[in-house]
Asker: 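I have a structure here, written as structure tokens, and I will follow up with some questions on it.
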Amino acid sequence: MPRTIGFIGTGLMGRGMARSLIRKGHTVKIYNRTRAKAEEVAEIGGKVVSTPAEATEGSEVVVTMLADPAAVLNVIEGADGVLKTIARGAVLIDSSTVSPPICMRVLERLKASGAHMLDAPVFGSKNEAEKGELGLIVGGDREIVDRVKDVLDAMGKTIYVGANGMGAYTKLVLNLIIASTLQAFNEGMVLAAKAGIDPDLMFQVIQSSRARSGIIDMKAPQILKRDFSPFFPLKLMGKDMRLVLETAGALGVEMPFINTLSQVYANCIRDGLAEEDFAATIKYLEKQAGVTVKSREFGA
Ligand code: NAP
């Protein structure tokens with residue numbers, strides 16, 4: 001059954017997610033802070049609106065896909081925010097990567113309005129978002145998950161991880177592993193290049209060994225081609241490392257490695273790499289070492 005859905009945040013990921021919902025025949029009211037990005041999505045259907053409150057009004061389900069905690073709080077609690085118009089019984093699916101306390105704060109606010117919430121951060125990138133093939137890591141009441149199953153299914157595959165906030169915890173753990181793995185790859189490749197090992201050959205050896213991983217499979221070809229156009233902007237992975245540290249601090253867990261990694265991201269952002277893909281952390285290492293990790297094909 002087609003539904004009326006509010007979609008808020010049509011950036012790199014939200015664009016494909018909103019389009020997947022439109023393709024499934026839902027009536028989607030699209031809001032984005034920069035209106036032009038909402039208009040691009042609406043080229044295939046849906047209606048562009050001017051505020052989060054307008055996207056929410058009369059919607060059974062509202063999906064948010066926003067940069068960080070500040071963006072989520074702005075859209076939910078701001079002057080023309082979701083809380084102004086959300087209906088009793090409506091469900092907010094927040095797919096932004098934020099911290100568990102932010103999820104709980106939004107949940108409490110929505111509860112006070114008689115609405116429900118799921119934290120549903122995603123894995124996959126803009127290509128999977130466009131195809132409706134993301135992984136959605138969902139926390140919240142099982143009954144609410146079942147109630148919006150068709151909406152979740154349109155965006156990807158659901159992995160239910162427990163109560164509200166658990167989706168956010170799980171996503172942060174996932175990203176700390178992904179960022180750490182890529183950092184190890186980047187440091188290794190820079191060391192290899194400095195030692196005079198051909199980057200293509202080094203990559204070939206990694207791929208033949210247990211050092212191989214999903215994130216290296218994806219990012220190595222981009223690095224070797226020197227293509228740092230953003231799939232996942234570096235500033236957002238930097239934000240995630242900060243959220244990991246915040247979360248670990250609250251739980252009394254030491255994270256010596258992520259402490260250092262978070263500093264690497266801060267340095268890269270200071271060096272002007274914020275908008276590039278997070279694979280561009282290698283540029284910072286290359287600058288220090290005086291080498292470039294580049295495939296022979298692209299003129300090493
Ligand atoms: P993005 O392209 O930077 O989009 C961010 C969105 O947030 C845009 O719609 C932006 O609006 C909006 N926004 C930022 N600050 C705002 C504010 N103060 N008020 C209202 N709207 C605001 O990022 P993305 O890659 O789509 O990522 C979205 C979320 O998904 C992030 O939490 C990210 O960590 C997570 N994520 C990303 C990926 C990935 O591969 N890219 C994968 C998994 C999870 P404007 O267009 O006006 O700037």
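When a ligand or atom number is given, it counts from 1 through the structure's own listing order.
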Asker: Please confirm whether K239 approaches ligand 1 to less than 4.0 Å, judged on its heavy atoms.
Answerer: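 Under 4.0 Å: yes for K239.
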Asker: State whether the side chain of S20 and the backbone N or O of A129 hold a donor-acceptor pair below 3.5 Å, judged by distance alone.
Answerer: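 Checked: pair present.
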Asker: Given that the side chain starts at C-beta and the backbone is N, CA, C, O, which of these parts of V122 lies under 4.0 Å from ligand 1, counting heavy atoms, or is it both or neither?
Answerer: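 Within the 4.0 Å criterion, V122 contacts ligand 1 through backbone and side-chain atoms alike.
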Asker: What are the two closest non-hydrogen atoms of I86 and T56, and how far apart are they?
Answerer: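 Scanning both residues completely, I find the closest heavy atoms to be CA-CG2, 3.5 Å.
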Asker: Should one rank K171, R15, M17, R33 by closest heavy-atom distance to atom 16 (C) of ligand 1, which comes out on top?
Answerer: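 Ranked by closest heavy atom to atom 16 (C) of ligand 1, first place is R33.
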Asker: With a 4.0 Å heavy-atom cut-off (strictly under), which part of V98 contacts ligand 1: side chain, backbone, both or neither?
Answerer: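 Neither; no heavy atom under 4.0 Å.
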Asker: To the nearest 0.5 Å, what is the distance between CE (M17) and CD (E130)?
Answerer: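 Output value for this atom pair is 11.5 Å.
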Asker: Return yes when G124 approaches ligand 1 closer than 4.0 angstrom through a heavy atom, no otherwise.
Answerer: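 G124: in contact with ligand 1 (<4.0 Å).
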Asker: Can you tell me which portion of N32 lies within the under-4.0 Å heavy-atom range of ligand 1? Options are side chain, backbone, both, or neither.
Answerer: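 Answer for N32: side chain.
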Asker: Determine, for R147 against D141, whether the closest basic-nitrogen to carboxylate-oxygen distance falls under 4.0 angstrom.
Answerer: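 A salt bridge is absent here (no side-chain N lies under 4.0 Å from a carboxylate O).
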Asker: Using a strict threshold of under 4.0 Å (side-chain N to carboxylate O), is an ion pair present between D119 and K171?
Answerer: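 No salt bridge links K171 with D119.
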Asker: Using a strict cut-off of 4.0 Å, indicate which atoms of ligand 1 neighbour a heavy atom of T10.
Answerer: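 Per the distance check, 9 (O).
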Asker: For atom 19 (N) of ligand 1, what is the closest protein heavy atom, and at what distance to 0.1 Å?
Answerer: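 Here the nearest protein heavy atom works out to N74 ND2, 2.9 Å.
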Asker: Determine, stepwise, if the pair C103 / N164 fulfils side chain to side chain contact (heavy atoms under 4.5 Å, CB included).
Answerer: CA-CA 7 Å; C103 294; N164 284 103; 5.8 Å; no
Asker: Quick test of your reading of the model: are K239 and D68 salt-bridged, counting only N-O distances below 4.0 Å?
Answerer: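 Looking at D68 together with K239, the answer is no, because their closest N to O distance does not fall below 4.0 Å.
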Asker: Which option wins on minimum heavy-atom distance to atom 33 (C) of ligand 1: I8, L236, L134, V72?
Answerer: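 Considering heavy atoms of I8, L236, L134, V72, the nearest to atom 33 (C) of ligand 1 sits in L236.
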Asker: Without swapping roles, check the side chain of K29 against the backbone of E57 for a donor-acceptor pair under 3.5 Å.
Answerer: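 At least one qualifying donor-acceptor pair exists.
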Asker: What is the nearest protein non-hydrogen atom to atom 4 (O) of ligand 1, stated with its residue, atom name and distance?
Answerer: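 For atom 4 (O) of ligand 1, the nearest protein heavy atom comes out as G11 CA, 3.5 Å.
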Asker: Which of the listed options, D240, L12, L66, holds the heavy atom that is closest to atom 12 (C) of ligand 1?
Answerer: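 Among D240, L12, L66, the closest heavy atom to atom 12 (C) of ligand 1 comes from L66.
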Asker: Side chain or backbone, does V75 bring an N or O within less than 3.5 Å of an N or O on ligand 1?
Answerer: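 In fact, backbone or side chain, V75 has no N or O that close.
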Asker: Do side-chain atoms of S96 reach the backbone of A67 as a donor and acceptor pair under 3.5 angstrom?
Answerer: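 Side chain of S96 to backbone of A67: no pair is present.
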Asker: Verify whether one side chain among N259 and Q263 offers a donor that lies under 3.5 Å from an acceptor in the other.
Answerer: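 Note: N259 and Q263 side chains miss the donor-acceptor criterion.
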Asker: Between H26 and V61, is a side chain to side chain contact (heavy atoms under 4.5 Å, CB included) present by the stated rule, with each step listed?
Answerer: CA-CA 11 Å; H26 297 295; V61 180; over 6 Å; no
Asker: Considering only the protein, which heavy-atom contact is closest to atom 41 (N) of ligand 1, and what is its distance?
Answerer: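 In this structure, atom 41 (N) of ligand 1 has F231 O, 2.7 Å as its nearest protein heavy atom.
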Asker: Give me the residue, atom name and distance of the protein heavy atom closest to atom 30 (O) of ligand 1.
Answerer: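 Protein heavy atom at minimum distance: M65 CE, 3.0 Å.
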Asker: Closer than 4.0 Å to some heavy atom of G9 - which atoms of ligand 1 meet that?
Answerer: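 The list of qualifying atoms is 9 (O).
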Asker: Suppose we measure from atom 22 (C) of ligand 1 to each protein heavy atom; which comes out shortest, and what is that distance?
Answerer: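 Protein heavy atom with the smallest distance to atom 22 (C) of ligand 1: A71 CB, 3.7 Å.
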Asker: Is A67 in polar range of ligand 1, meaning some N or O pair under 3.5 Å apart?
Answerer: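 It does: an N or O of A67 is found under 3.5 Å from an N or O of ligand 1.
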Asker: Write out the residue and atom name of the closest protein heavy atom to atom 26 (O) of ligand 1, then the distance separating them to 0.1 Å.
Answerer: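 Going by distance alone, atom 26 (O) of ligand 1 is nearest to M13 N, 2.9 Å.
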Asker: Stepwise, does the side chain to side chain contact (heavy atoms under 4.5 Å, CB included) test hold for V48 with Y31?
Answerer: CA-CA 6 Å; V48 177; Y31 169 80; over 6 Å; no
Asker: Is a salt bridge present between E133 and K157, judged by a nitrogen-to-oxygen distance below 4.0 Å?
Answerer: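 No, this pair does not count.
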Asker: Quick check on contacts: which atoms of ligand 1 are under 4.0 angstrom from a heavy atom of K37?
Answerer: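 Once the distances to K37 are compared, the set is 45 (P), 46 (O), 48 (O).
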Asker: Just going by heavy-atom distances, which of T34, T97, I137, I178 is nearest to atom 35 (C) of ligand 1?
Answerer: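 Checking each option, the heavy atom nearest atom 35 (C) of ligand 1 is found in T97.
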Asker: Short list, please: which atoms of ligand 1 are under 4.0 Å from a heavy atom of S125?
Answerer: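 Answer, ordered by atom number: 40 (O).
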